[in-house]
Amino acid sequence: MRTFLVLVMIVLTAACSNGGQEVVTEDGPTDSPSDGTDPPAGAAGGGEDGLFVSVDVGGGFVPVGHAFRSTPSAVIYDDGTTLSTGAVAAIYPGPAVLPLTQGQVDDEQLRQLVTAAGTAGLLDDSVSDYGNPPVADAPTTTVTVVVDGEVHVTSVYALGMADEGLPGQGPTGGGLPGVEGPQLEARERVSQFVDLVSRTVVEAEGDRYVPDRYRVLALPPDQGGDAVVEADEREWPFPDVALVEGECIAIGGDRAVEFRDLAEGATEITRWRNDAGQTFVLSVRPVLPHEPDCPAR
């Protein structure tokens with residue numbers, strides 16, 4: 001009897017000092033006790049629109065039409081679909097619609113990105129302090145991460161300038177005026193996540209993405225072309241859809257297919273003429289699956 005009690009004490013002692021590892025008994029493995037480690041980070045996406053990650057760089061001193069037609073640099077959906085900006089020949093004028101490239105990542109890559117987002121502090125809804133660098137007209141990087149259906153949005157002004165330095169000053173050697181140690185570390189974590197997303201999307205690139213919706217912004221005709229390059233003219237194909245200067249117009253369904261064919265050979269300075277004889281330059285942008293037809297005003 002004494003021997004049996006000693007054996008029981010040994011087993012119980014071993015279980016208590018297990019350190020959170022799996023405990024094996026005659027009936028097989030049991031749930032491991034808590035070892036203080038973090039729980040799983042969560043599942044990628046889970047929202048109604050399927051978005052997991054979006055990296056969007058915008059703002060700064062750019063023309064209205066340029067800002068309107070710009071798409072996020074990298075997007076990943078919770079089914080593994082990726083979208084990124086496609087390559088454009090360095091010629092002027094450029095195409096009317098900037099191309100997008102579609103790819104695919106697997107479940108393991110999605111899990112790794114969820115973990116990386118948590119490490120970067122992008123799943124923490126408390127306000128992070130990224131400093132206030134004294135840089136004029138720099139872009140803002142906005143990172144949207146959706147995990148378990150919860151949307152987390154982080155915006156960092158002048159991200160990356162800690163390495164590039166201020167204009168005219170060259171590299172700063174890891175420093176940036178207006179940004180102190182912890183702020184610089186927080187910015188670096190966001191930069192590393194953005195770099196990881198960008199690499200993942202580029203490595204996943206496959207076919208050209210064919211959008212099924214477009215946004216169109218009508219601009220004055222003098223915003224397209226110059227004295228050297230003559231702009232071509234085309235008829236606006238939808239008489240019942242008025243072109244109004246400065247207003248976003250959504251094109252979807254069968255009209256999107258028709259417009260896609262017409263815009264295929266058009267350029268960014270093509271003038272579009274309506275039934276009244278007015279001409280406009282159109283800033284055209286594909287609408288991504290998770291986006292509204294037109295942005296909220």
Side-chain angles (χ1 to χ4, degrees), residues 54-77 81-104 139 198 201-238 241-274 278-295:
S54 172
V55 176
D56 194 2
V57 181
F61 188 69
V62 294
V64 173
H66 176 80
F68 181 87
R69 74 199 299 248
S70 297
T71 56
S73 59
V75 176
I76 304 176
Y77 294 95
T81 300
T82 68
L83 294 176
S84 59
T85 51
V88 179
I91 58 174
Y92 179 83
V97 184
L98 296 175
L100 293 170
T101 303
Q102 180 173 320
Q104 190 73 31
S198 299
V201 168
V202 168
E203 291 171 0
E205 284 183 351
D207 300 327
R208 180 171 179 172
Y209 175 69
V210 180
D212 57 9
R213 295 180 296 154
Y214 295 89
R215 296 174 185 168
V216 174
L217 181 68
L219 299 171
D222 58 3
Q223 292 203 17
D226 53 36
V228 177
V229 181
E230 183 178 355
D232 64 317
E233 284 197 4
R234 300 189 178 210
E235 296 288 340
W236 174 245
F238 312 118
V241 179
L243 290 174
V244 180
E245 184 178 320
E247 290 192 8
C248 174
I249 300 170
I251 302 176
D254 293 339
R255 284 179 171 173
V257 178
E258 181 180 353
F259 182 75
R260 183 190 310 137
D261 293 339
L262 287 173
E264 187 66 31
T267 73
E268 60 186 314
I269 65 171
T270 295
R271 290 180 171 85
W272 297 79
R273 184 174 54 254
N274 63 14
Q278 298 172 301
T279 58
F280 300 88
V281 170
L282 301 183
S283 181
V284 183
R285 180 193 188 282
V287 180
L288 306 190
H290 69 283
E291 295 178 325
D293 288 342
C294 278

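Predicted model, so just to flag it, every value in this text is computed and none were measured. FYI, the numbering just counts along the sequence from 1.
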Please report the closest heavy-atom contact between Thr85 and Leu100, naming both atoms and the distance. CA-CD2, 4.0 Å
Using the six-membered ring wherever Trp is involved, compare the ring planes of Phe259 and Tyr214 and label them parallel, tilted or perpendicular (cut-offs 30° and 60°). perpendicular
Test item: side-chain donor near acceptor, Thr279 and Glu233, under 3.5 Å: no
Smallest separation among heavy atoms of Val88 and Pro95, with atom names: CG1-CD, 3.7 Å
So Ile249 and Leu243, do their side chains get closer than 4.5 Å, heavy atoms only? yes
Does some side-chain heavy atom of Pro99 sit less than 4.5 Å from a side-chain heavy atom of Tyr209? no
side-chain hydrogen bond (donor to acceptor under 3.5 Å, both in side chains) partners of residues 247-257, not counting sequence neighbours, each pair once: Asp240-Arg255
Is a donor on one side and an acceptor on the other found under 3.5 Å between the side chain of Arg260 and the backbone of Pro211? yes
Look only at the side chain of Arg271 and the backbone of Phe280, and say whether a donor-acceptor pair between them is shorter than 3.5 Å. no
Reported CG-to-OG1 distance for the pair Asp207 and Thr101, which is rounded to 0.5 angstrom: 9.0 Å
Scanning both residues in full, the closest heavy-atom pair of Ala96 with Ala263 reads CB-O, 4.0 Å
Side-chain donor/acceptor of Arg273 to backbone N/O of Trp236, under 3.5 Å: no
With rounding to the nearest 0.5 angstrom, report the CG to CZ distance, Leu217 to Arg69. 11.5 Å
Compare all side-chain heavy atoms of Ile251 with those of Val216 and state whether any distance is below 4.5 angstrom. yes
In Å and rounded to the nearest 0.5 Å, what is the OG to CG distance from Ser54 to Leu83? 10.0 Å
Dump the intermediate steps for side-chain hydrogen bond (donor to acceptor under 3.5 Å, both in side chains) on Gln102 and Thr81, then the final yes or no. CA-CA 7 Å; Gln102 180 173 320; Thr81 300; 5.1 Å; no
OG1/Thr267 to OH/Tyr92 distance, rounded to the nearest 0.5 angstrom? 7.5 Å
Please check this pair: side chain of Trp272 against backbone of Ala218, looking for a donor-acceptor N/O pair closer than 3.5 Å. no
At what distance, to the nearest 0.5 angstrom, does CZ of Arg234 lie from CG of Leu282? 11.0 Å
Less than 4.5 Å apart, side chain to side chain, heavy atoms only: is that true for Pro286 and Arg215? no
Applying side-chain hydrogen bond (donor to acceptor under 3.5 Å, both in side chains) as the test, list every pair that has at least one member in residues 284-293; sequence neighbours left out. Tyr77-His290, Arg213-Asp293, Arg285-Glu291
Output for pair (Glu245 CD, Leu219 CG), nearest 0.5 Å, gives 7.0 Å
Mind listing the closest non-hydrogen atom pair of Pro72 and Asp56 along with its distance? CA-OD1, 3.9 Å
Does Glu268 reach the main-chain N or O of Gly94 with its side chain, forming a donor-acceptor pair under 3.5 Å? yes
Under 4.5 Å between any side-chain heavy atoms of Val75 and Thr82, yes or no? no
Side-chain contact test, heavy atoms from C-beta onward, threshold under 4.5 Å: evaluate it for Ser73 versus Ser84 and give yes or no. no
